[in-house]
Student: 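Okay, here's the structure, questions in a sec.
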Amino acid sequence: MTPAYRDLLAQIREDFPQPVSDQVHDAYFVFSILRALDQVDAMKSKIPLLGKAQPLDYAGARRCRLSDRPSSIEAVTRELVGQLEGLPLWGHPRTQVNVVAPPSISSIIGALLPAIYNPNLVSDDTSRGIAVSEARVAAILSALIGFDPERSAGVFTFGGTGTNIYGVKIGLEKAWPGAMEDGLAARGRPAVILASEQSHYSKLNVAGWLGLGEKNVIAVPTHLDNDIQVPRLEEEARRALKDGKRIAAFIATLGTTDAFGIDDLEAMVSLRDRLASEFQLDYQPHVHADAVIGWAWSVFNDYDFEENSLGFRPRTLRALAGACRRISKLHLADSAGIDFHKTGFAPYISSLFLARDSKDLDLLRREREKMPYLFQSGEYHPGTFTLETTRGGGGILAALANLLLLGKDGIRTLLGHLVEMAEVLREHLEGHAATTVMNGGNFGTVTLFRAYPDGVDTWTVKDRERCDPGYREQLLAHNEYNRKVFHYLHDQAMQGEGVLLSMTECYRHTDYGEPIVALKSFILSPFVDEEHVALIVEKVLEAREKIKAGGL
Ligand SMILES: *Cc1c(COP(=O)(O)O)cnc(C)c1O
């Protein structure tokens, strides 16, 4: 008699892709995916969400338990698709929320294939060509930003935050050789991270998790264009060195998250060189470039702006060239972080850490004897130095897919168009007496702006708000005013009548320490066009009228 479980097993085997090709079953597999996509498609409308945003039921979630009996692929698909209800559609032309890119079809296939075949990047033995793909992407990006691809090396990791961990950890091993083995306590004295106030907050996480401590992150003030004040950086670095501290890393941000401020990496590297020689340091402080957003502009490093073969408008060219001025210095960094899931149109998660000198990665390498059950065969074993043990191949193939699909001109076209749309928005905003652009000196696809009530002189208000403590009450009132505008825009977008934007509670602090609220348009959908940009301004003006009439 066959045991009872055997029937169930036969049924469950149908739930897996067949290990040996079975065309009828393959069709069922593909069709199951197709049905899921069909159901998602039915949730699309002129509202920039999938379906509608319903209240989220966490209480119901806590009551969930594992059922006794198996379900079917069809039923599970319906359940899974339902979970997408209310999700923002990043590719929708009416979505300008944040730095989230809609993935291309090739990059989705790149993420899907490893989801089926589970290559493990711990070793090339278990990942084969995908380990080679990782090396390919690293080489392509190295050459693009100006590292020597023969000397550099790269690994994909769990996000932009992961790339910052790698950068700082390598710097820490340079500053305190052997910290990996002996721990920081054995060193007695702290090591610091220096980065700008506008840099990403993940530096705090990195400092905390690496055991440096958040307190040892020194946040250096920025200029009004959101780039680090190098003389202030020098003061802070000197103070730390005089106090006998070591520098784990300088983090240069090439493209800040909110405003696309770009640090002067060249000046930071030359400052590092000067200090290393003046203080006769026995290590070279590491300079990591957090370029997770800005890397993509490298495609313009060798664009002939005079000839302008792609035909961008003069204002767009100026913005692209303005960003490139500093992005083109990326090759001076010791390492760089690159997110394909931000400005590379890939699905989450696709983040590359690039070391200019592959030897730097050796600082992270563990002894083989500590991992006895791994690495019996194959020739390349990233698992001997990566933070993760298992690493999937989705991010790698997604990145490779887009690099192959788009090429330089494809990325130029996408970025150029997004920047062009941001510039059109700025032109509109500058053309109205009631709106003003906050990050006019930053040339990305993100625009921070504020709206003001009648009677405010928008020529001078920015400076007064920022510098004049006597203007505090008005600043706070204007913050509240912009929150109202934001809520109106949000409601309108949810009714299919506007554009989904976001708001930052603190674009910068005023000189007297108050946060400045700003409305934020982050254009990353290739489908955004001039009418969607015009709609934003229309809706902002409409919000002003409603506020004036006392309706908001
Ligand atoms: C988004 C971002 C990060 C963090 O990247 P994740 O991929 O979200 O982990 C780090 N630095 C900058 C400048 C960012 O914009």
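Both counts, for ligands and for their atoms, begin at 1 and track the order of listing. It should be emphasised that the depicted structure is a prediction, and the values quoted were computed from it without experimental measurement.
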Student: Within the 4.0 Å heavy-atom shell around T161, which atoms of ligand 1 are there?
Tutor: 4 (C), 5 (O), 6 (P), 9 (O)

Student: Any non-hydrogen side-chain atom of V100 less than 4.5 Å from a side-chain atom of K342?
Tutor: no

Student: Whether R508 and D258 form a salt bridge (side-chain N of Lys/Arg under 4.0 Å from carboxylate O of Asp/Glu) is what I want to check.
Tutor: no

Student: Could you tell me which atoms of ligand 1, counted from 1 in the order shown, lie closer than 4.0 angstrom to a heavy atom of T257?
Tutor: 12 (C), 13 (C), 14 (C), 15 (O)

Student: Can you tell me which residue and heavy atom of the protein come closest to atom 4 (C) of ligand 1, and the distance to 0.1 Å?
Tutor: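 That would be H200 CE1, 3.5 Å.
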
Student: Taking distance alone, with N or O pairs closer than 3.5 Å, would you say S351 contacts ligand 1?
Tutor: no

Student: Are K359 and E173 ion-paired here, with the side-chain N under 4.0 Å from a carboxylate O?
Tutor: no

Student: Between E465 and K462, is the closest basic N to carboxylate O distance under 4.0 Å?
Tutor: no

Student: Would you say F305 has more than 12 foreign heavy atoms packed within less than 6.0 Å of its CZ?
Tutor: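 Buried by this count: over 12 neighbours within 6.0 Å.
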
Student: Does an N or O anywhere in T256 fall below 3.5 Å from an N or O of ligand 1?
Tutor: no

Student: With heavy atoms under 4.0 Å as the rule, classify the contact between V99 and ligand 1 as side chain, backbone, both or neither.
Tutor: neither

Student: Is the centre of the F522 ring less than 6.0 Å from the centre of the W90 ring?
Tutor: no

Student: Given I293, D290, V100, which has its nearest heavy atom closest to atom 11 (N) of ligand 1?
Tutor: D290

Student: List every atom of ligand 1 that sits less than 4.0 Å from any heavy atom of G159, numbering the atoms from 1 in the order shown and giving each element.
Tutor: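 In order of numbering, the contacting atoms are 7 (O), 9 (O).
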
Student: Considering only heavy atoms of H341, which atoms of ligand 1 have at least one such atom less than 4.0 Å away?
Tutor: 7 (O)

Student: In the protein, what heavy atom is nearest to atom 14 (C) of ligand 1, and what distance, to one decimal place, separates them?
Tutor: K342 NZ, 2.9 Å

Student: Salt bridge between R274 and E234, side-chain N to carboxylate O under 4.0 Å?
Tutor: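 E234 and R274: salt-bridged.
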
Student: Please determine whether a side-chain nitrogen of the Lys or Arg among R356 and D148 lies less than 4.0 Å from a carboxylate oxygen of the Asp or Glu.
Tutor: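 Salt bridge between R356 and D148, a charged N being under 4.0 Å from a carboxylate O: no.
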
Student: Has ligand 1 got any nitrogen or oxygen that is less than 3.5 angstrom from a nitrogen or oxygen of T253?
Tutor: no

Student: I'd like the name of whichever of G294, G255, G160 reaches closest to atom 7 (O) of ligand 1 through any heavy atom.
Tutor: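 Shortest heavy-atom distance from atom 7 (O) of ligand 1: G160.
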
